[in-house]
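The structure appears right after this line, and notes come after that.
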Amino acid sequence: MSRPAILGGEPVRSAPFLPRKTMGEAEKRAAMEVLDSDVLSAFLGSSGKFFLGGEKVRAFEDAWKERYGFKHCITVNSWTTGLMVAFGALGVEPGDEVICPPYTMSASATAAMFYGGVPIFADIEASTLCLDPEDFEAKITPRTKAVVVVHLLGRPASMDPICAIAKRHGIAVVEDAAQAPGVFYRGRPVGTIGEVGGFSLNFHKHIHCGEGGVIVSDDDAIARASQLIRNHGENALSEEEIGHFANPIGSNYRLTELQAAIGIAQLGRLEGYLSTRQHLAEHLTRRLEQRPGLTLQSVEPGSTHAYDVYPIRYDAETCGLSRSMFVRAVAAELPSPKGFESMPLAAGYVKPLYLNPVYQNKRALGRGGYPWAFNPDIEYTYSAGDCPVAERMYEEELVLSPLVREPHTTSDIDDFADAIEKVLDNAALIAKEASHLDDGQVLTPVDAANATNTT
Ligand SMILES: *Cc1c(COP(=O)(O)O)cnc(C)c1O
């Protein structure tokens, strides 16, 4: 067997991986049509025909609704603002608590703070990496207004138990499906299993229009409130409506016609992207599932996985090699994939959010300690150990690969699996001879992108 590349041996592969290419003829045509029309946005911030935007914005919303059977769809200029809109529409008020997993993109937790909501973190399940229903229930107080469920990495969260608990306590469920467009949970599309949900259209997501987001809901009042908040609602609100919404004032969270037109073309690609990723993921799972020390994800019948990235739980003790050395040794066997996440494997995903300075110092809105100070009698604390499963995934177990996606093929995936097998077969040797290279740092996907990307 050849020597591991990290010890100077021949790598498994040197031919570069093909770069991801997201924009094609359909997007170019769509964009040109809008440019030719000269109407790059048709929104008007007052009641009337253009309050809900122009032709492309409405066509994009209709297309998304019809594809998945959502009753309402409201496009916005990012999913971060989409989350803010959702909390505003649900009537989050200063001092309301919003439960959220800490293992997610920061906006899942910060969005409610713009309405004075206080983030309360509940742990994740090791098997799904999504909110743990039991810990969610344990964190409920009389002040809990909503829960954010993140379908992390494209795998649906345990919605049935979560929604049952939420219903029992009168808590609204917000689905952050930024990484899970087109995903199903037990036969139902994610996004409207709870009260309101949505998707991101930023460059790094499955489909995109540069920046953008989509809110979905089956609830008429939430949809109307979302439309108001998206587009200066104070100008469009009727006399009889003013009492109906806790947060009727709006902002400008509007998507442009150009982005909507590109979004329509992108939506046409989503099913194809998902089936490619699912096919590659199945192939990789078959290659790795017998390996001791690697735990792979699966989904239950009726559910699907979007594989934003492919997650593996790595047991360093069983494998005989630290996680940081495993990630580096696999990377040494392969060329860097092109694009942003330019390591074939990264570690940890993100640091659990509550360990960041915003929560440690409770400095978010102003110098007076808001939103926490809205409940002056309650001592909110965020400490290491709060969510042990999320911390373990970050510090010890999780590794992620961006290779499981278009335009890669099963032959690319075979090279990746070969690299993993080669490293694990040589684990003892690598541990012995390359230990001086082990800085033990958690090389997250963002670190990897910053270290190597040349885009
Ligand atoms: C990308 C992402 C967001 C934010 O979406 P933007 O469109 O970038 O604002 C929120 N939550 C999760 C889980 C995400 O992955």
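First listed ligand is number 1; within each ligand, the first listed atom is number 1. As the structure is a prediction and not an experimental result, all values here were calculated from the model.
Each of E257, E33, Q259 was checked for a side chain to side chain donor-acceptor pair (under 3.5 Å) with K56, and the lone residue meeting it is E33.
The closest side-chain donor-acceptor pair between Y380 and E97 falls under 3.5 angstrom.
With sequence neighbours left out, H208 forms a side chain to side chain donor-acceptor pair (under 3.5 Å) with T22.
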Kindly indicate, with the supporting measurements, whether the criterion ring-ring contact (aromatic ring centres under 6.0 Å, His included) is fulfilled by Y359 and Y382.
CA-CA 6 Å; Y359 301 98; Y382 300 95; 5.3 Å; yes

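Near ligand 1, heavy-atom contacts under 4.0 Å come from S78, W79, T80, T104, M105, S108, V150, D176, A178, Q179, S200, N202, K205, G212.
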Taking distance alone, no hydrogens or angles, what donor-acceptor pairs closer than 3.5 Å link side-chain atoms of residues 148-161 to residues at least two apart or in another chain?
unit_1 : atom_1 : unit_2 : atom_2 : d
H151   : ND1    : A157   : N      : 3.0
H151   : NE2    : E175   : OE1    : 2.7
R155   : NE     : S298   : O      : 3.1
R155   : NH2    : S298   : O      : 3.0
S158   : OG     : E125   : OE1    : 3.0
S158   : OG     : E125   : OE2    : 3.4
D160   : OD1    : R188   : NH2    : 2.8
D160   : OD2    : R186   : NH1    : 2.7

Side chains of residues 39-46: which donor-acceptor partners sit under 3.5 Å, not counting sequence neighbours?
none

